[in-house]
Each structure stands twice: as C-alpha cells, then as structure tokens.
**Student:** 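The structure's right below; bear with me while I get my questions together.
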Amino acid sequence: MTSRIGRVVAASAATALATLGVTVANPAPASAAMTICYNTSQAGSFAGIAGQAASIWNNATTNLTLSANCGSNLRIYQITGGGSYAIRTSLGNGRVYIDTQQAQQYSPLRIMTHEIGHILGLPDNYNGNCALLMSGGSAGTSCTNPYPSTAEANRVSNLFAGTRAAERAEGNGSAVFRDSWPAVAATVG
Ligand SMILES: [Zn+2]
C-alpha cells in the first residue's frame, strides 16, 4: 500500500512540475504575426504547389504569414522515393520533403499542405477522415482535400498566438514526421 501511495505522490509531483514547466516556457505575450519565409529553390516541380499551399494556410489562419523570397524558415525539397516527410526544428521552422512517387498516387497539394501543417505545429491524425488535412494518406488516394479543417486551422492560429500553453510547447518542439502516405502495394519496389 505504501508503494502505491508513493507512486501517487510521485505522479502528482510530476504533474505539478509539468504544469510549472509549461507556464515557464510560455512567457511571451501575444505579439505580431510571425512571417514564415519559405524557400522553393530546391522544390523542383513542386514550387508552384508550395505557393498554393502557402495561400491555403494564409487564408485559413491568423497570427502567421507564409511568404516567398524573404528567407528560409521553411525549405521545401523534391525527392524521389522514401516517402514524404517533415522535419520541424521549431514552430514555423524546418524542412519539408515531397516524394515525387507518392505525389503520383496522392494529391500533391494535399501532401504539401499536410507536411507544412507539421511545420506549423500539427501532429498526424491518421483516422481516415478526408475532411481532416492531418489524416494524410490514411484517407486514401481518392482524397484530394488540401484544406485544413476549421479545428486544425484554429489550432495553428492559437499556437502562433501563444494562447494555448500546452500546445504551444508541443508545437515548438523539434520533431520528425515520417508520413505513411502508404504506397499502393503493387507498385512498391
Ligand atoms: Zn504527417
């Protein structure tokens, strides 16, 4: 019994520390919109699609603006094979890799907006719902929806506003998102 109580006390202490940590990590007040400069110099044939994806995110969100030709917060690369993925170094910063082979099966614009969604702080949500952008490849090749849901867009807006401490902490963290965007089995190899 004492060990059980000990675990409960330890868990409570951990929760308190986690709460304290989040509070300390989020001292900044809401400020001017962040400009995320994206660079398509290595995006190959996906450069135009990157621009479309930027417009979609700009129209759907507040507190951030994706802008071309102003810097390299976000670098976009065209690759062949291995799957599309995103490497977020911090909220609004990182690299996106778009797999040409996957883009022949899935909507390239949906892949692009999804991967950029990771840079903007969103995790994967592979539930097969085409109405969600972060459901990614789980919604199948027939799903071409390139738009974040209202909830997804609002979450990004709130992350950049810094109004949700826990999510901001999550969004600020570095992470690698290796996306399934599962290839059709018969074409693998
Ligand atoms: Zn993903």
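Computed from a predicted structure; not experimentally measured.
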**Student:** Using ring centroids (six-membered ring only for Trp), state whether Phe177 and Tyr85 fall under 6.0 Å.
**Tutor:** no
**Student:** Would you indicate whether the side-chain heavy atoms of Ser135 and Asn125 approach each other to under 4.5 Å?
**Tutor:**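 Side chain of Asn125 against side chain of Ser135, heavy atoms only: no contact under 4.5 Å found.
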**Student:** Begin with the C-alpha distance, continue with both residues' side-chain angles, and end with the deciding distance and a verdict on side-chain contact (heavy atoms from CB on, under 4.5 Å) for Ile76 and Met112.
**Tutor:** CA-CA 9 Å; Ile76 298 169; Met112 183 71 74; 4.0 Å; yes
**Student:** Would you check if the side chain of Asn73 reaches a backbone N or O of Gly92 as a donor-acceptor pair within less than 3.5 Å?
**Tutor:**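 No; zero donor-acceptor contacts below 3.5 Å.
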**Student:** Evaluate the side-chain proximity of Met34 to Thr65: yes if any heavy-atom separation is below 4.5 Å, no if none is.
**Tutor:** no
**Student:** Can you name the closest pair of heavy atoms from Phe46 and Pro108 and give their distance?
**Tutor:**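 Heavy atoms only, the tightest pair is CE2-CB, 4.2 Å.
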**Student:** Output the distance between atom CG (Asn39) and atom CG (Leu74), rounded to the nearest 0.5 Å.
**Tutor:**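 Interatomic distance, Asn39 CG to Leu74 CG, rounded to 0.5 Å: 8.5 Å.
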**Student:** Distance-only, no hydrogens or angles: does the Thr113 side chain make a donor-acceptor pair with backbone N or O of Pro146 under 3.5 Å?
**Tutor:**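 Such a contact is found between Thr113 side chain and Pro146 backbone.
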**Student:** Working to the nearest 0.5 angstrom, can you tell me the gap between Leu133 CG and Glu115 CD?
**Tutor:**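 One gets 9.5 Å once the value is rounded to the nearest 0.5 Å.
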**Student:** Rounded to the nearest 0.5 Å, what separates atom OG in Ser174 from atom CG in Leu91?
**Tutor:** 12.0 Å
**Student:** Roughly how far, to the nearest 0.5 Å, is the CD1 atom of Ile87 from the OG1 atom of Thr89?
**Tutor:**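 If I round to the nearest 0.5 Å, the distance is 9.0 Å.
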**Student:** Distance from Tyr106 atom OH to Ser142 atom OG, nearest 0.5 Å?
**Tutor:** 9.5 Å
**Student:** Tell me, with the steps shown, if Ile36 and Leu120 meet side-chain contact (heavy atoms from CB on, under 4.5 Å).
**Tutor:** CA-CA 9 Å; Ile36 300 169; Leu120 303 182; 3.4 Å; yes
**Student:** Is there a path of hydrophobic side-chain contacts, each under 4.5 Å between heavy atoms of I/L/V/M/F/W/Y residues, joining Ile111 to Tyr97?
**Tutor:**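 No, no single cluster joins them.
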**Student:** Quick check on the hydrophobic clustering: are Leu122 and Tyr147 connected, directly or via other members, by side-chain heavy-atom contacts under 4.5 Å?
**Tutor:** yes
**Student:** Which value, rounded to the nearest 0.5 Å, describes the distance between Thr61 atom OG1 and Arg155 atom CZ?
**Tutor:** 14.5 Å
**Student:** Using every non-hydrogen atom in the two residues, find where Arg110 and Ala139 come nearest and quote the distance to one decimal.
**Tutor:**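 In terms of heavy atoms, the two residues are closest at NH2-CB, 3.7 Å.
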**Student:** Verify whether one side chain among Gln102 and Ser84 offers a donor that lies under 3.5 Å from an acceptor in the other.
**Tutor:**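 The criterion, which ignores hydrogens and geometry beyond distance, is satisfied for Ser84 and Gln102.
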**Student:** Output, in order, the C-alpha distance, side-chain angles, deciding distance and verdict of side-chain contact (heavy atoms from CB on, under 4.5 Å) for Thr62 and Phe160.
**Tutor:** CA-CA 8 Å; Thr62 57; Phe160 280 83; over 6 Å; no
**Student:** Can you name the closest pair of heavy atoms from Ala131 and Ser149 and give their distance?
**Tutor:** O-CB, 3.8 Å
**Student:** Applying the 4.5 Å side-chain criterion to the ILVMFWY set and letting contacts propagate, would Leu109 and Tyr38 be lumped into a single cluster?
**Tutor:**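 Same hydrophobic cluster.
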**Student:** Taking all non-hydrogen atoms of both residues, which atom of Ser107 and which atom of Cys143 are closest, and how far apart?
**Tutor:**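 Nearest heavy atoms, Ser107 then Cys143: CB-O, 4.4 Å.
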**Student:** Taking Met134 as the starting point, is it possible to reach Leu64 by hopping between hydrophobic residues whose side chains are less than 4.5 Å apart?
**Tutor:** yes
**Student:** Where the side chain of Thr40 meets the backbone of Ala43, is there a donor-acceptor pair that is under 3.5 Å apart?
**Tutor:**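 Flag not set: sc Thr40 to bb Ala43 has no pair under 3.5 Å.
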**Student:** When you compare the side chain of Arg88 with that of Ile119, does any pair of heavy atoms fall below 4.5 Å?
**Tutor:** yes
**Student:** Do the side chains of Val156 and Trp57 get nearer than 4.5 Å, heavy atoms only?
**Tutor:**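 Side-chain contact under 4.5 Å: yes.
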**Student:** Is the closest side-chain heavy-atom distance between Gln42 and Gln78 below 4.5 Å?
**Tutor:** no
**Student:** Closest heavy-atom contact between Gly81 and Asp99?
**Tutor:** N-OD1, 2.7 Å
**Student:** Does the side chain of His118 come within less than 4.5 Å of Asp124's, by heavy atoms?
**Tutor:**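 Sidechains of His118 and Asp124: in contact.
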**Student:** We want to know whether Ser157 and Asn154 form a side-chain donor-acceptor pair, criterion being a heavy-atom distance below 3.5 angstrom.
**Tutor:** no
**Student:** When you measure from the side chain of Asn63 to the backbone N and O of Ala33, does any donor-acceptor pair fall under 3.5 Å?
**Tutor:** no
**Student:** Compare all side-chain heavy atoms of Arg75 with those of Cys37 and state whether any distance is below 4.5 angstrom.
**Tutor:** no
**Student:** With side chains defined as the heavy atoms from C-beta onward, is the minimum distance between Pro148 and Ile56 less than 4.5 Å?
**Tutor:**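 Sidechains of Ile56 and Pro148: in contact.
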